[in-house]
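Notes follow the structure.
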Amino acid sequence: MYAAVETSFDEAGIAVCGLDGHVLHAALSSQVELHAPYGGCVPELAARTHVSDLPQLWRRLPVELVSGITHLGVTAGPGLPGCLLAGINFARGLARGLDVPLYGLNHLAGHVMSPFIPQNGTEPPVGFPHLALLVSGGHTELYDVRSLTDIRLLGQTQDDAVGELLDKVSAMLGYGYPGGARLEQLARSYPGIDDECRYDGEFRLPVPMRASGDLNFSYSGLKTAVVRLVRDERRSLDKADHASLLACLFSVVVESLWIKVADALRETGYEMLTVSGGVAINGFLRARFAAEAEATGARALFPQPRHCLDNAAMMAWLLKLYVDAGERPAPFDMKSNWTPGTR
Ligand code: KG4
Ligand code: ZN
């Protein structure tokens, strides 16, 4: 069995998957409430909390699973250095105690492969090549996934990530951190937004990077546009106005993501697209992408919602894929930047 420890950011997770890849155990310790008063993650606090949370998560693992572990993985990057170190140190001790090999794993590769985690047998097998859009609090990237170990960066955000934009807008409007889920709920209460995220209402926001001629993204200008719109509005906006404004915001965000994905599908001729990361929970994005992909003859695949936000199950699954492919344990180098084509 394959076990993994994940502590790249503010969630600590330990998960085990079986030889067939099914997730047998997944424990997660969320720090959302701990960081909420600060309006964002406090790295030092996150790292210290991981140090005390990990042994507790480990103790929750059923003993029959512990004895079945043959390979252990740990997220080696990218992430907050202190948080990564907490996980790596813990995993090193575990690997020694269990006498199993320890693998350093790339967090982004974990997200990218998360849509293929087996659940009920209806999901397609891991297929290459395909396109992968990763949308989270820290990442907005488009990859050409040629194989498990040949993942090429096609485009990325030039500034803020999508989740970061949502979290900042949420803080500005007074809806707290993190903001994505709460903002989606509010936007859904606006009657002028359809299931596929087409907006009919009074607000206007630009679709970022529409004509940039490349596969990159940018969301800081959109954040400024929202700030200006709220500031320049002559009346003060109530909750119903916020719902309309947020519906408008989601419509341009989803549109901007789809434009680049459609270009990439056309350029590569690929027929499969995956969307992963915390923002992939978003129902507007899922519905729009599923419909648009189908219209172009492609298939859009999403992880189960519990595998979208940071979690250790996706890392255990990634470890299983590497071991099956004959990959050897990776050395630790604490390199915190993704290098396309490597992991
Ligand atoms: O993958 P994740 O845990 O973070 C990184 O690894 O960066 O994703 C967290 C992000 C946050 O920005 C949060 O606001 C966003 O995912 N998010 C959502 C939704 N739920 C969480 N964004 C849009 N719609 C949602 N329903
Ligand atoms: Zn992540």
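Along the sequence shown, residues carry numbers from 1. Atoms within a ligand are numbered from 1 in the order they appear, just like the ligands themselves.
The closest side-chain donor-acceptor pair between Tyr322 and Thr149, if any, does not fall under 3.5 angstrom.
Within a 6.0 Å sphere centred on CD of Glu294, heavy atoms belonging to other residues, nucleotides or ligands number 12 at most.
A 4.5 Å side-chain heavy-atom check between Glu11 and Asn311 finds every atom pair outside the cut-off. Looking only at side-chain heavy atoms (C-beta outward), Arg299 and Glu271 stay at 4.5 Å or farther from each other.
Below the 2.8 Å limit, the Zn ion (ligand 2) has as protein N, O or S neighbours His107 NE2, His111 NE2, Asp310 OD1.
Checking side-chain atoms of Ser8 against main-chain N and O of Gly79 turns up no donor-acceptor pair under 3.5 Å.
Applying the ring pair (Phe, Tyr, Trp, His ring centres under 6.0 Å) definition to pairs two or more places apart or across chains, those involving residues 162-188 are Tyr175-His242. Sorted by first and then second residue, the ring pair (Phe, Tyr, Trp, His ring centres under 6.0 Å) pairs involving residues 257-301 (not counting sequence neighbours) are Phe250-Phe284, Trp258-Phe289.
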Practice task
Let me see the working for Glu233 and Arg231 under salt bridge (charged side-chain N to carboxylate O under 4.0 Å, His left out), right down to the final yes or no.
Solution key: CA-CA 6 Å; Glu233 195 67 32; Arg231 191 193 59 198; over 6 Å; no
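Classified by interplanar angle (parallel below 30°, tilted 30° to 60°, perpendicular above 60°), the ring pair His107/His111 is perpendicular.
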Note every protein N or O atom lying under 3.5 Å from an N or O atom of ligand 1, pairing the names and giving the distance.
unit_1   : atom_1 : unit_2 : atom_2 : d
ligand 1 : 1 (O)  : Gly278 : N      : 3.0
ligand 1 : 1 (O)  : Asp310 : OD1    : 3.4
ligand 1 : 3 (O)  : Asp310 : N      : 3.2
ligand 1 : 6 (O)  : Asp310 : OD1    : 2.9
ligand 1 : 6 (O)  : Asp310 : OD2    : 3.1
ligand 1 : 7 (O)  : Ser136 : OG     : 3.1
ligand 1 : 7 (O)  : Gly137 : N      : 3.0
ligand 1 : 7 (O)  : Gly138 : N      : 2.8
ligand 1 : 12 (O) : Gly163 : O      : 3.2
ligand 1 : 12 (O) : Asp167 : OD1    : 3.4
ligand 1 : 12 (O) : Asp167 : OD2    : 2.8
ligand 1 : 14 (O) : Asp167 : OD1    : 2.7
ligand 1 : 14 (O) : Gly180 : N      : 2.9
ligand 1 : 24 (N) : Asn282 : ND2    : 3.0
ligand 1 : 26 (N) : Glu184 : OE1    : 2.9

